[in-house]
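Please read the structure below before turning to the comments.
Chain A is the first sequence line, chain B the second, and so forth, proteins listed ahead of strands; every chain is numbered from 1.
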There are 2 protein chains.
Amino acid sequence: MQNASTAKGRATQARIVEGAAEVLREQGVSFTTLDDIRARANASKSQLFHYFPGGKDELLLAVAQWEADRVLADQQPHLGSLDSWESWGRWRDAVVERYERQGDQCPLGALFLQVGRSTPGARAIVTELMRQWQKQLADGMRALQAGGLVSPGFDVERCSAALLAGIQGGVSIMMSTGDSTHLKAALDNGIEQLRESARRLA
Amino acid sequence: MQNASTAKGRATQARIVEGAAEVLREQGVSFTTLDDIRARANASKSQLFHYFPGGKDELLLAVAQWEADRVLADQQPHLGSLDSWESWGRWRDAVVERYERQGDQCPLGALFLQVGRSTPGARAIVTELMRQWQKQLADGMRALQAGGLVSPGFDVERCSAALLAGIQGGVSIMMSTGDSTHLKAALDNGIEQLRESARRLA
DNA sequence: CCTTGAGTGGACTGATGAGTCCACTTTAGT
DNA sequence: ACTAAAGTGGACTCATCAGTCCACTCAAGG
């Protein structure tokens, strides 16, 4: 990605990425052309290739990174401070709300499929997102343990991985079926497991 | 889908669907052309359109249905008789094995994204698959309850939904990162929850 | 003011790939 | 055997779209 060196250039580059993200959410990757993006971003063909010399793939990757950054940001401040039952509850609601609002768009999943598993860049973005996400869940579980709210024997690694998997699956089922039942079940089930461990502690 | 009326015709039609499924798994939907499919299936362009007058979309949908049928079939006979701890364990291993072997191909997910959320057919296939899958998990959980192995208070609906979500998410994380940790965590966590409920019963 | 390079517009090209068409062959029923 | 319908081959068309190219404008530093 060719970085812009003037304010005007940076603005154009940002307009392209954000415009592209919009169009991609609306139409899906496979139905979006560079010309759609160009139109939405009020840019010209040459600007696209000026800032993303690698062409469509490079632009798509930039959009994927941009979307990935939003995923965690949208869960804050809740995700960052999961140290009480109330904060877990607020986080749960924030996740449900975010994905129900997003509806049947899965920018990241779609982008990933298009750019292809082969490209190392795409895989790195997703891997890093998952790593950070799970770490924050695990930190939250350990915070409950530290506060004496959850048994010290609670398997944080396994449960945080399972919870993350449940969220991903819940979201992808919702994409396909339009129904958020599974997402809610995964979240509630994860939290219920924590509470169960608290009850056994008492 | 125009159904064939002779044995030869049926053979050709089957060759097309299965050949298409193969190529799609290998190359991914967005990099597969009708010509790739035609070549693999030893068919000609006119045959493709003879049996799938709706063109590529219709063919893709037929492949999606074919893949969906395999998903549950591949988990049998285990999935159909989850009435003991041993059968749950065998099923768990079968799922992990199947998806690890499949690697980073997600025929169904990719197909769905390509055909598009808008088409009612695609959505129906996924919805029905999820419904059946969850039902079999729930049946298994109730079988354990009936056998006195799991507490009657165990929330079968929520847990089967969460387990299904965990599997889906585990698989999709594995697609993106190449790592099956999350899938295993989701499965083991679900089964562990059942066992926990058994311990409380004792 | 002039120069330099970043930034911009949009016409053009070339490849690709979905879908059409028609001539030909095979199959099955009478 | 005859014939009608089913099945088959593959050349051809036509639209689309990523990517190129070049002429132009603008802003900043000297």
Checklist outcome for this item: B:R40 meets the side-chain hydrogen bond (donor to acceptor under 3.5 Å, both in side chains) criterion, sequence neighbours left out, with B:E22, B:E26

Next on the checklist: Once salt bridge (charged side-chain N to carboxylate O under 4.0 Å, His left out) is applied, do any residues pair with B:E58, and if so which ones, sequence neighbours excluded?
Outcome noted: none

Checklist entry - So does B:Y51 get a side-chain nitrogen or oxygen closer than 4.0 Å to the phosphate oxygens (OP1/OP2) of D:dT8? => result yes

Item to check | Protein-nucleotide distance (A:N42, atom CG; C:dG10, atom P), rounded to Å | outcome: 11 Å

Checklist entry - For nucleotides 14-30 of chain C, read 5' to 3', which letter fits each nucleotide if B means a protein heavy atom sits under 4.0 Å from the base, S means only the sugar-phosphate is that close, and - means neither? => result ---SBBBB----S----

Item to check | A:A41 backbone acceptor or donor facing A:R15 side chain under 3.5 Å | outcome: yes

Checklist entry - Counting any heavy atom closer than 4.0 Å, what does A:F52 reach on the DNA or RNA strands: base, sugar-phosphate only, or nothing? => result nothing

Checklist entry - What's the verdict on side chain to side chain contact (heavy atoms under 4.5 Å, CB included) for A:D139 and A:L82, showing C-alpha distance, side-chain angles and the deciding distance? => result CA-CA 8 Å; A:D139 284 349; A:L82 293 173; over 6 Å; no

Next on the checklist: I want to check one thing: is the phosphate of D:dT8, taken as OP1 and OP2, less than 4.0 Å away from some side-chain N or O of B:Q47?
Outcome noted: yes

Checklist entry - For A:K45, which residues count as a side-chain hydrogen bond (donor to acceptor under 3.5 Å, both in side chains) partner, sequence neighbours excluded? => result none

Next on the checklist: Once side-chain contact (heavy atoms from CB on, under 4.5 Å) is applied, do any residues pair with A:E157, and if so which ones, sequence neighbours excluded?
Outcome noted: A:Q134, A:R142, A:D155

Checklist outcome for this item: Scanning both residues in full, the closest heavy-atom pair of B:A94 with B:H78 reads CB-CD2, 3.6 Å

Item to check | Backbone of A:V126 reached by a side-chain donor or acceptor of B:S176 within 3.5 Å | outcome: no

Checklist entry - Just how far, in rounded Å, is P of D:dG19 from NE2 of A:H50? => result 17 Å

Checklist entry - Which of residues 9-23 of chain B have a heavy atom under 4.0 Å from DNA chain C? => result none

